[in-house]
There are 2 protein chains.
Amino acid sequence: MNTHQLFHTIHQLSRELAKQANHTLQPFGLYTAQWSVLFVLKEKGKMTQKELCDYLAVEAPPMTRTIQRLMKQGYVKQVTGEDRRAKIIEMTEQSKAAYPEWEAAVLQMNDRLLIGVSDEQREYMQQLLSSYLMNVKENSQKGTLHE
Amino acid sequence: MNTHQLFHTIHQLSRELAKQANHTLQPFGLYTAQWSVLFVLKEKGKMTQKELCDYLAVEAPPMTRTIQRLMKQGYVKQVTGEDRRAKIIEMTEQSKAAYPEWEAAVLQMNDRLLIGVSDEQREYMQQLLSSYLMNVKENSQKGTLHE
DNA sequence: TAAATTTAGTTACCTAGGTAATTAATTTAG
DNA sequence: CTAAATTAATTACCTAGGTAACTAAATTTA
């Protein structure tokens, strides 16, 4: 009963947060997947698609789709670098200009959703979840390891 | 930075756990969505689709799909009751017979993924996440409330 | 250096879940 | 008792993300 419940709560919370985020981003024509890429690009500067995949822990195909969509909207541009396989992604002037407004909306949402959760609780929750995530990633490989 | 990170960790953990669960259930021809329904039916007995939706916090359309699939596999049957709008869902003899094997595999997986997380930590994590989830659901309505 | 292997990205197809609109049955008002 | 409103489920279409198979470029290896 216990472990099932934990799984279910995490899953439900993830969906609920995504729903809220999409609702918050809707006025700007953005969805959570696109927002996550823009957020990372703003923090880290230009990156290849591979680096974005690794950083966001997403497989390559969904990343391709998200980036193609961001390009269509004019929020991101692709540049070919030294390695002609890789595509370097960077924000456009347009999205750099609009970014502060998007971020403000997201931060306001985060604050609203965390009303009633103390800083300490949030901090500890982050710590527990990170450690659990690491465990899952480590222990998942044991099933497929050969000896 | 903090609240973004929390969101990201929850999302990533949810996906990683689903991936593991799908991998565990694959030999039985089941996916997580189907398993979650079978698990609830086993615990609670026969239920209408609406009750399943409420219990699992999933919208009606995905539930319709999951149930149709379970019916095709012969794991579940639909019965019309008093209220001829509602469809009552119950497990078949086939799935009742196979259930213990499925459950054993899932419990073994849960235990494996929780290696390195103490019972206390798991308990507290559950508590924090539940309280956060309740918060999110409450505070989400404030945005759309009229006064 | 030529051949084999690896790597970055894309395409096609899959599951999971959400919203909006629709249908049919049931309740509630008038 | 009839008309309006509500409710359970479905259909159609959307986003998010995953796997497998493929292409093209770069790197290893023989």
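For the numbers below, each heavy atom of this structure counts, side chains included, while hydrogens, waters and symmetry mates do not. Proteins come first, then strands; the chains are lettered A, B, ... in the order of their sequence lines, and each starts at number 1.
- Remark: C1' of C:dA8 and CD1 of A:Ile67 are 11 Å apart, rounded to the nearest angstrom.
- In the set D:dA12, D:dA9, C:dT26, the nucleotide with an atom closest to the side chain of B:Lys50 is D:dA9.
- C:dT27 is paired with D:dA4 under the criterion used here, namely a Watson-Crick or G-U wobble arrangement in which both key atom distances are under 3.5 Å.
- Looking at the side chain of A:Arg85, the nearest of the listed nucleotides D:dA12, C:dT6, C:dA24 is C:dT6.
- Here D:dT7 presents its P atom at 19 Å from CG of B:Leu52, a figure rounded to the nearest Å.
- Rounded to whole Å, the distance from CD on B:Gln20 to P on D:dG18 is 12 Å.
- Residue contacts shown for B:Ala60 include a base, since a base heavy atom lies under 4.0 Å away.
- Here A:Gln68 reaches the OP1 or OP2 of C:dT11: one of its side-chain N or O atoms lies under 4.0 Å away.
- When heavy atoms are screened at a 4.0 angstrom cut-off, B:Thr32 is found touching the sugar-phosphate backbone but no base atom.
- The aromatic rings of B:Trp35 and B:Phe39 sit tilted relative to each other, their planes meeting at an angle between 30° and 60°.
- Under the 4.5 Å side-chain contact rule for hydrophobic residues, A:Met71 and A:Met91 share a cluster.
- The two residues B:Thr32 and B:Asn22 come nearest to each other via the heavy atoms N-OD1, 3.0 Å.
- Note that OG of A:Ser130 is 10.5 Å distant from NE2 of B:His8, once rounded to the nearest 0.5 Å.
- Taking atom CG on A:Leu30 and atom C1' on D:dA16, their separation rounds to 15 Å, with Å as the unit.
- D:dG18 atom P lies 17 Å from atom CG of B:Leu25, rounded to whole Å.
- In this structure, the nucleotide among C:dT26, C:dC13, C:dG9 sitting nearest to the side chain of B:Asp83 is C:dT26.
- Taking only side-chain nitrogens and oxygens, A:His11 never comes nearer than 4.0 Å to OP1 or OP2 of C:dA16.
- Here D:dA16 presents its P atom at 15 Å from CH2 of A:Trp35, a figure rounded to the nearest Å.
- For B:Thr64 and B:Gln68, the side-chain atoms include no donor-acceptor pair closer than 3.5 Å.
- Looking at heavy-atom distances under 4.0 Å, B:Gln12 makes no contact with the nucleic acid at all.
- Using a 4.0 Å heavy-atom cutoff across all strands shown, B:Glu82 reaches sugar-phosphate atoms only and no base atom.
- Within the 4.0 Å cut-off from OP1 or OP2 of D:dA26, at least one side-chain nitrogen or oxygen of A:Arg84 is found.
- Within 4.0 Å of B:Gln78, counting heavy atoms only, lie sugar-phosphate atoms of the nucleic acid but no base atom.
- Phosphate contact (OP1/OP2 of C:dT10, side-chain N/O of A:Thr64, threshold under 4.0 Å): present.
- Listed candidates were C:dT10, D:dG17, C:dA25. Nearest to the side chain of B:Arg15 is D:dG17.
- Using a 4.0 Å heavy-atom cutoff across all strands shown, A:Gln49 reaches sugar-phosphate atoms only and no base atom.
- When the P atom of D:dT10 is taken as reference, atom CE of B:Met71 falls 7 Å away, rounded to whole Å.
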Begin from the C-alpha positions of A:Gln34 and A:Ile67 and carry the test side chain to side chain contact (heavy atoms under 4.5 Å, CB included) through to its verdict. CA-CA 8 Å; A:Gln34 297 159 265; A:Ile67 285 168; over 6 Å; no
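- Positionally, the nearest nucleotide of DNA chain D for B:Arg65 lies more toward the 5' end than for the other of B:Arg65 and A:Arg65.
- Here C:dA25 presents its C1' atom at 12 Å from NZ of B:Lys87, a figure rounded to the nearest Å.
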